[in-house]
Amino acid sequence: MLDWFNAHPHLVDSLIESVKAIVVLLVTVVVAAWMIWLERRLLGLWQDRYGPNRVGPFGLGQVIADMIKIFFKEDWIPPFVDKLTFIVAPAIAMGLMLLMFALVPVTPTWGVAHINVGLLVFLALAGLEVYAVMLGGWASNSKYSLLGGLRVTAQTVSYEVFMGISLMGIVMLAGSFDLRHIVEYQAANGWNIIPQFFGFCAFVTAAIAVVHRTPFDLPEAESELAAGFHTEYSGMKFGMFFVGEYVGIVLVSAITTVLFFGGWSGPGVESHAWLAFPWFAFKCLCFMSGFILLRASLPRPRYDQMMAAGWKVCLPLSLINLLGTAAVVVAGAHGA
Amino acid sequence: MTFFFYLAAAVAVISTLFVIFGRNPVHALLNLVVSLLAVAGLFFMLGAPFAGALEVIVYAGAIMVLFVFVVMMLNLGKEIEDQERRWLTPKVWFAPAVLSVLLLGGLLDVLLTGGQTHAAATTTIDAKQVGVHLFGPYLLAVELGSMLLLAALVAAYHLGRHD
Amino acid sequence: MPGYLPPEKRSPLQQLGDILWGVYTQLRTIVMIFSHTFRKRDVIPYPEVKPYMPPRYRGRIVLTRDPDGDERCVACNLCAVACPVGCISLQKTERPEDGRWYPEWFRINFSRCIFCGLCEEACPTTAIQLTPDYELAEYKRQSLVYEKEDLLISGTGKYPDYNFYRVAGMSIEGKPKGAAEKESAPVDIKSLLP
């Protein structure tokens with residue numbers, strides 16, 4: 001047995017990498033599910049109430065109870081839907097979100113994929129994510145769902161434009177699309193949040209809009225569209241949309257941490273390598289809580305206001321940020 | 001790697017066939033998206049990850065989204081599928097099919113006679129090299145292209161004005 | 001508003017100011033909401049911590065007894081008449097030994113009751129009273145129909161000293177006419193003495 005392992009080091013390596021990938025994805029899903037609990041507790045805290053505190057210690061078992069409930073719910077496919085698309089849409093929603101998490105460098109040694117153009121692949125997958133909601137809305141064959149689908153399409157396509165542009169400043173500074181290089185650059189030269197503050201503002205706005213999370217949850221605005229694109233969904237298919245949304249928040253937090261807040265780097269990481277993951281997790285947790293705080297405090301804008309904010313404020317902001325960064329980089333290159 | 005290359009190629013070809021013979025317009029567009037994704041996968045495996053990522057971002061992520069967006073709103077139903085069925089007669093697809101078979105023959109000829117491997121297929125071209133080439137030897141083309149895009153942008157803005 | 005211009009007619013500088021003002025107000029909202037982290041909660045974890053209920057809270061209805069331990073209800077039916085939803089029903093009967101009236105059976109359907117307290121106001125003997133108990137949930141609707149033995153309590157409720165037969169003029173065994181509190185003896189109409 002051991003001889004075989006020694007004889008095939010390449011296979012063993014890929015086996016270890018696969019196990020690591022599965023662990024990362026499982027942890028992501030569990031964290032996303034646990035995030036539902038976190039959100040409800042924090043919303044409770046900020047609204048001067050308790051939130052779920054009955055099932056298990058601090059209500060932590062609520063997630064398990066909800067999971068069991070949603071697994072046993074009837075998985076109803078309405079007769080008027082476009083069946084294939086209806087079934088595929090939630091799978092795309094959750095699958096793409098998890099696929100994007102494969103790009104995140106968690107610690108110096110952990111992380112699923114190491115792609116040279118990681119940031120571009122992230123943007124590409126974020127661009128594909130819109131299909132899930134769009135197809136879900138179209139396949140449901142109901143007016144609320146379709147309106148939700150139309151809204152999410154226009155919203156995501158608009159906000160993705162400057163999401164990419166706002167990240168290019170970082171790419172210029174670090175000189176690479178590789179997320180690991182970006183983290184290492186920040187570990188050496190300080191976090192990107194300081195030189196790229198405007199890029200950070202634009203990116204966070206765009207990221208919230210792309211994962212259509214409150215305050216940019218117009219595709220599923222309850223007061224206007226019933227439940228938007230997932231009006232006709234129930235059971236585990238709804239659950240996949242739901243968990244996909246929370247994976248999206250975890251993902252956006254992780255990406256923001258990696259791009260702007262130095263990823264795993266932090267005081268003491270050089271001397272104690274095990275501190276890398278706690279730092280990363282702590283930063284992610286701060287951002288996750290921050291997104292919940294946004295949900296707790298900000299009302300939903302009107303649709304034209306949201307579009308105006310994207311095209312007239314955030315796009316110019318990210319373009320100016322890009323130009324300024326380019327000028328600084330060129331000046332630095334010539335000065336040196 | 002070779003296996004995955006041919007797998008992606010087969011996916012691209014088959015989904016494109018579905019695009020042509022599919023009757024439901026939205027399904028046809030989705031098959032086109034799958035085809036584009038498969039082609040992007042081919043780019044990745046050929047060592048051009050930058051081109052692959054751009055293919056996904058621009059074609060699958062933006063252009064096809066707008067296609068689906070428009071088709072979604074047209075409320076195409078059963079009668080459109082019947083119409084497609086009536087229109088797609090052998091008389092219509094025979095001539096294009098023959099031309100495609102001729103092209104396929106040419107392609108197979110090149111493949112089977114072992115057309116020499118291009119250097120691009122063996123080395124990885126990363127984003128930095130693409131950028132260096134775009135703003136080095138091809139600077140004029142890039143500038144012309146950007147002028148064209150700027151003109152289109154200004155025109156679109158002018159057309160979209162309310163007053 | 002005087003001097004108000006729609007956003008598209010304002011100067012670019014003003015629009016920039018609007019954007020900055022908007023950003024400021026949004027950030028202010030976020031900070032204000034965050035300050036609630038350190039605020040006291042408005043709710044209580046109910047089954048463990050019970051809220052304070054004032055004594056006059058209108059909850060579950062009971063039938064009380066007078067200080068002697070006899071039931072106060074004289075089966076006058078006023079509560080049943082006063083009840084706007086008609087959830088009270090009872091049957092009058094008489095105790096043979098002393099002639100006191102009492103309900104043979106007394107039934108309140110709590111799935112109908114709206115806890116308005118009109119029965120309590122109508123009751124001449126303070127027999128029917130509302131209590132601060134509000135935990136009336138049941139698994140079966142029929143369990144909400146309370147019979148007399150469910151309603152009758154051993155105490156006097158909110159009026160500890162009141163005893164109807166001691167103040168009312170009705171004669172019963174052991175208390176003839178004129179023997180009630182503050183009641184003068186009946187006039188002997190056959191006598192000529194003042």
Side-chain angles (χ1 to χ4, degrees), chain A residues 38-59 62 197-198 200-202 204-205 208-209 213-216 285-302 304-318 320, chain C residues 1-54 57 59-60 115 132-141 143-144:
Chain A
L38 180 76
E39 167 156 52
R40 293 178 61 189
R41 283 304 296 230
L42 283 180
L43 282 181
L45 181 69
W46 287 319
Q47 293 165 2
D48 293 341
R49 53 190 179 84
Y50 284 91
N53 60 353
R54 293 282 144 196
V55 193
F58 303 107
Q62 186 71 41
F197 180 72
F198 293 113
F200 168 74
C201 296
V204 168
T205 318
I208 299 171
R213 162 105 188 137
T214 1
F216 293 122
L285 187 68
C286 287
F287 275 104
M288 279 148 64
S289 311
F291 286 128
I292 297 169
L293 180 60
L294 286 187
R295 173 175 178 172
S297 43
L298 297 184
R300 189 189 305 131
R302 217 170 54 209
D304 62 317
Q305 290 172 334
M306 190 206 67
M307 280 297 184
W311 287 109
K312 292 185 186 167
V313 180
C314 289
L315 181 64
L317 187 70
S318 50
I320 291 168
Chain C
M1 263 187 288
Y4 174 77
L5 281 172
E8 60 272 13
K9 289 195 180 139
R10 289 159 79 90
S11 73
L13 206 61
Q14 278 174 320
Q15 289 192 19
L16 192 66
D18 288 348
I19 290 170
L20 291 178
W21 174 254
V23 170
Y24 161 70
T25 55
Q26 303 272 290
L27 291 177
R28 180 170 166 272
T29 312
I30 294 171
V31 170
M32 280 169 73
I33 297 292
F34 186 75
S35 75
H36 277 255
T37 313
F38 313 105
R39 210 70 74 78
K40 190 177 164 295
R41 283 175 161 111
D42 282 339
V43 294
I44 51 165
Y46 156 62
E48 289 88 36
V49 183
K50 298 265 159 85
Y52 167 71
M53 282 291 144
Y57 184 87
R60 182 168 58 89
F115 302 98
D133 177 19
Y134 50 87
E135 289 168 322
L136 284 167
E138 292 285 351
Y139 284 104
K140 273 190 283 181
R141 183 164 287 240
S143 316
L144 281 167

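Order of the sequence lines sets the chain letters (A, B, ...), proteins ahead of strands, with each chain counted from 1. Keep in mind that what you see is a predicted model, and the values were worked out from it rather than measured.
For Leu45(A), the parts lying under 4.5 angstrom from a heavy atom of chain C are both the backbone and the side chain. Only the side chain of Leu294(A) comes within less than 4.5 Å of a heavy atom in chain C; its backbone stays farther off. Contact annotation for Ile30(C): both backbone and side-chain heavy atoms come within less than 4.5 Å of a heavy atom of chain A.
The 12-atom threshold is exceeded at CE of Met53(C), counting heavy atoms of other residues, nucleotides or ligands nearer than 6.0 Å. The neighbour count for Tyr134(C) OH, taken as heavy atoms of other residues, nucleotides or ligands under 6.0 Å away, is above 12. Counting non-hydrogen atoms of neighbouring residues, nucleotides and ligands closer than 6.0 angstrom, the CZ atom of Phe198(A) reaches no more than 12 such neighbours. No more than 12 heavy atoms of other residues, nucleotides or ligands shown are found within 6.0 angstrom of OH on Tyr139(C). At most 12 non-hydrogen atoms from other residues, nucleotides or ligands lie less than 6.0 angstrom from CG of Leu13(C).
Heavy-atom minimum distance, Ile33(C) versus Trp46(A): O-CD1, 3.4 Å. Heavy atoms only, all atoms of each residue included: Asp48(A) and Arg39(C) are closest at OD1-CB, 3.6 Å.
Judged by distance alone, with hydrogens and angles left aside, the side-chain atoms of Arg41(C) form a donor-acceptor pair with the main-chain N or O of Arg49(A) at under 3.5 Å.
Counting heavy atoms from C-beta on, the side chains of Ser297(A) and His36(C) never come closer than 4.5 Å.
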